[in-house]
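On a predicted model such as this, the values are computed, not experimentally measured, just so you know. Just so you know, ligand 1 is whichever comes first in the structure, and atom 1 is the first atom listed for that ligand. Residue indices begin at 1 and follow the sequence shown.
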Amino acid sequence: MTREQRTQVAIIGAGPAGLILARLLALEGIHSIVIERRDRAYVEHRLRAGVLEQTTVDLLRAAGVGGRMDREGLVHEGLYLQFDGVRHRIDLRELTGGRAITVYGQHEVVKDLIAARLAAGDEIVFEASDVRLCDVDADLPAIRFKVDGKERTVHCDFVAGCDGFHGVCRPAIPPGALHTYERTYPFAWLGILAQTPPSLDELIYAHHERGFALHSMRSPQLTRLYVQCDPDDSLDAWPDARVWEELHLRLSTRDGWQLREGPVVEKSITQMRSFVVEPMQYGRLFLAGDAAHVVPPTGAKGLNLAAADVKVLAEALVDWYRSGRTALLDAYSATCLRRVWRVEHFSWWMTTMLHRAPGDDAFDHRLQLAQLRYVTGSRAASTSLAENYVGLEHV
Ligand code: FAD
Ligand code: PHB
């Protein structure tokens, strides 16, 4: 027999978008059910983003889930752009009137949100399979799915499609109702997590003729590193020794700085894509986060953009439940897309400035170097990078 449930907002996906939305709604007394395809351990250990904008930090704190982030997160007041073997520091705090970023793993944010939700007695359905959306263009949509082989149905006022790029929510919208804008890049990132202290206390974005490299971190004991690779490369093509060799070459400077090596505890390849659908709404289905848009990771923006979407969505839903007004819900897509396109541009711009594309010639290379010199040499240009990197204020 099918188990039937009623909620106000059905949230598909327990990534950052879905979990932050659930938290913001719960704080306003709005009931939701989060429906997630994977098990709890999987979502709590999936290694992804690491950089939280000031605005995301402020949002998590205001939502009462910033305690561990404030204790364990690493506040960075600057970052380095490296080219021609020389590092140039961008002083984020000084250029943005006191703002900074916090390095705190996405899976830690997810753990904190899951713990807070379960402690409050609210539901997350893990390991839901065969998730289907019904009647999203009617007043009472339903979500059908299976758990432990048993059919369940959740009836709701609204559906939040927070199920990432490969989810089922965006494809549930008739294709003619959406416009898709997309760019794929002819390169990918190979990322490793190494058990060794970071070799510098801030991030290094390195332009190199062999390709881009990034030095980041997760904690005082864990270093996160990326090298640009071919999108068709398999992990077999990248034994640890080759990864370290490329990292040493691309991150090396002429001042004797040394990259620390350590045991590699994770290794994966990430494709690079820019992607936006418009509008981010169909009937009573609202898309948020990677379900609606993707950015290449060079600007460290995906998670932050997901958080910005659900802040807008939560405010619009709260207004509807309080007053019955639809104005904020009607404006949801347009409001989000203004920020989305700003961030799409910033992420594309950082990516284009720092990577080496297969067909690039000496002219392209010199243009990149000219841009990097300008960004690091001009206060106006560094301020532009800094204010985008720490994140523009939420609307
Ligand atoms: P997701 O995190 O993808 O969550 C979607 C959830 O939905 C998942 O739990 C998934 O299992 C679930 N789901 C999928 N299909 C279904 C279904 N059919 N039914 C139910 N549930 C489903 N962003 C930053 O801001 N800063 C960074 O430094 C950064 N670095 C990155 C580095 C890498 C290597 C990668 C890959 C990404 C990085 N990002 C970064 C991007 C960031 O990780 C994503 O933008 C972010 O995860 C988006 O959150 P989301 O909740 O929208 O989607
Ligand atoms: C990370 O630490 O994983 C990271 C940092 C900065 C980026 C992308 C990823 O731009």
- Query: Does Trp341 offer a backbone N or O that forms a donor-acceptor pair with the side chain of His345 under 3.5 Å?
  - Reply: no
- Task: Could you tell me whether the side chain of Arg254 and the main chain of Asp84 form a donor-acceptor pair under 3.5 Å?
- Result: yes
- Task: Answer yes if the side chains of Gln368 and Asp364 hold a donor-acceptor pair under 3.5 Å, and no otherwise.
- Result: no
- Specify the protein heavy atom at minimum distance from atom 4 (C) of ligand 2: its residue, its atom name, and the distance to 0.1 Å. Tyr226 CE1, 3.9 Å
- Query: Quick one: does Tyr226 get within less than 4.0 Å of ligand 1, heavy atoms only?
  - Reply: yes
- Can you tell which of Pro171, Pro16, Gly15 gets a heavy atom nearest to atom 49 (O) of ligand 1? Pro16
- Query: So, is Thr270 polar-close to ligand 1, with some N/O to N/O distance under 3.5 Å?
  - Reply: no
- Message: Walk me through whether His208 and His355 qualify under ring-ring contact (aromatic ring centres under 6.0 Å, His included).
- Response: CA-CA 8 Å; His208 193 278; His355 291 74; over 10 Å; no
- Hey, does Arg46 come in under 3.5 Å of ligand 1, counting only N/O atoms on both sides? yes
- List every atom of ligand 1 that sits less than 4.0 Å from any heavy atom of Gly167, numbering the atoms from 1 in the order shown and giving each element. 15 (N)
- Sub-3.5 Å N/O-N/O distance, Leu303 and ligand 1: yes
- Message: At under 4.0 Å between heavy atoms, is it the side chain or the backbone of Lys301 that contacts ligand 1, or both, or neither?
- Response: backbone
- Message: Within ligand 1, which atoms have a heavy atom of Val168 less than 4.0 Å away?
- Response: 18 (N)
- Query: Which ligand 2 atoms are under 4.0 Å away from a heavy-atom of Arg48?
  - Reply: 3 (O)
- Item | Partner of Pro279 by side-chain contact (heavy atoms from CB on, under 4.5 Å), out of Ile173, Leu178, Leu287 | Leu178
- Message: Membership question, hydrophobic clusters at under 4.5 Å side-chain separation (ILVMFWY): are Leu354 and Val51 in the same one?
- Response: yes
- Parallel, tilted or perpendicular: ring planes of Phe83 versus His88, cut at 30 and 60 degrees: parallel
- Query: So Trp189 and Phe212, would you call those rings parallel, tilted or perpendicular, with 30° and 60° as cut-offs?
  - Reply: parallel
- Which ligand 2 atoms are under 4.0 Å away from a heavy-atom of Ala300? 6 (C), 7 (C), 10 (O)
- ligand 2 versus Arg218: contacting region, heavy-atom distance under 4.0 Å: side chain
- With atoms numbered from 1 as shown, which atoms in ligand 2 lie under 4.0 angstrom from a non-hydrogen atom of Tyr205? 6 (C), 7 (C), 10 (O)
- Any N/O pair Arg37/ligand 1 closer than 3.5 Å: yes
- Message: If I apply the N/O under 3.5 Å rule, does Tyr389 come out as touching ligand 2?
- Response: no
- Query: For ligand 2, does Leu203 get within less than 4.0 Å through its side chain, its backbone, both, or neither, judged by non-hydrogen atoms?
  - Reply: side chain
- Using a 4.0 Å heavy-atom cut-off, say whether Trp189 meets ligand 2 through its side chain, its backbone, both or neither. side chain
- Run the salt-bridge test on Lys311 and Glu315 with the 4.0 Å N-O cut-off and return the result as yes or no. yes
- Message: Does Phe275 form a ring-ring contact (aromatic ring centres under 6.0 Å, His included) with Phe165? I'd like the steps, not just the answer.
- Response: CA-CA 9 Å; Phe275 176 90; Phe165 183 69; 5.0 Å; yes
- Going by the order shown, which atoms of ligand 1 are within less than 4.0 Å of some heavy atom of Arg38? 11 (O)
- For the residue pair Met217 and Leu200, establish whether any side-chain heavy-atom pair is separated by less than 4.5 Å. no
- Item | Under 3.5 Å: N/O of Asn304 near N/O of ligand 1 | yes
- Task: State whether Lys301 and Glu53 are salt-bridged, where the test is any N-O pair (Lys NZ or Arg NE/NH1/NH2 against Asp/Glu carboxylate O) under 4.0 Å.
- Result: yes
- In ligand 1, which numbered atoms sit nearer than 4.0 Å to a non-hydrogen atom of Gly289? 52 (O)
- Do His248 and Glu261 have a side chain donor and acceptor closer than 3.5 Å? yes
- Message: Taking 4.0 Å as the limit for heavy-atom contacts, which would you say applies to Val43 with ligand 1: side chain only, backbone only, both, or neither?
- Response: side chain
- Task: Consider ligand 1: state whether an atom of it lies below 4.0 angstrom from any non-hydrogen atom of Ala128.
- Result: no
- Task: Using a strict 4.0 Å threshold on nitrogen-to-oxygen distance, state whether Asp58 and Arg61 make a salt bridge.
- Result: yes
- Taking only heavy atoms of Cys162, which atoms of ligand 1 are found under 4.0 Å from at least one of them? 5 (C), 6 (C), 7 (O)
- Examine Ala300 against ligand 1 and note whether any of their N/O atoms are separated by less than 3.5 Å. yes
- Query: Is there a heavy atom of Gly50 sitting under 4.0 angstrom from any atom of ligand 1?
  - Reply: yes
- Message: Regarding ligand 1, does Ala291 bring an N or O atom to under 3.5 Å of one of the ligand's N or O atoms?
- Response: no
- Query: Looking at side-chain heavy atoms only, is the closest gap between Val227 and Ile192 below 4.5 Å?
  - Reply: no
- Task: State the atoms of ligand 1, each with its element, that fall below the 4.0 Å cut-off from a heavy-atom position in Gln106.
- Result: 2 (O), 42 (C), 43 (O), 46 (C), 47 (O)
- So is Pro297 polar-close to ligand 1, meaning N/O to N/O under 3.5 Å? no
- Query: Does ligand 2 have a heavy atom under 4.0 Å from the side chain of Ser216, from its backbone, from both, or from neither?
  - Reply: side chain
- Salt bridge Glu127-Lys146, side-chain N to carboxylate O under 4.0 Å: no
- Are any of the heavy atoms in Leu214 under 4.0 Å away from ligand 2? yes
- Message: Distance under 4.0 Å to a non-hydrogen atom of Gly164: what atoms of ligand 1 satisfy this?
- Response: 3 (O), 5 (C), 53 (O)
- Query: For atom 8 (C) of ligand 2, what's the nearest protein heavy atom and its distance?
  - Reply: Pro297 O, 3.3 Å
- Taking a hydrophobic cluster as the set of Ile, Leu, Val, Met, Phe, Trp and Tyr residues connected by side-chain heavy atoms closer than 4.5 Å, whether directly or through intermediates, do Ile90 and Leu369 fall within one such cluster? yes
- Query: Short N/O distance, under 3.5 Å, between Ile12 and ligand 1?
  - Reply: no
- Query: Where's the contact between Glu53 and ligand 1, heavy-atom distance under 4.0 Å: side chain, backbone, both or neither?
  - Reply: neither
- Task: Show which atoms of ligand 1 fall inside a sub-4.0 Å distance from at least one heavy-atom site of Ile35.
- Result: 20 (C), 21 (N)
- Query: Judging by distance only, is a nitrogen or oxygen of Arg48 under 3.5 angstrom from one on ligand 1?
  - Reply: yes
- Task: Considering the heavy atoms of Val51, write down every atom of ligand 2 situated less than 4.0 Å from one of them.
- Result: 5 (C), 6 (C)
- Side chains of Tyr185 and Ser274: do they bring a donor and an acceptor to under 3.5 Å? yes
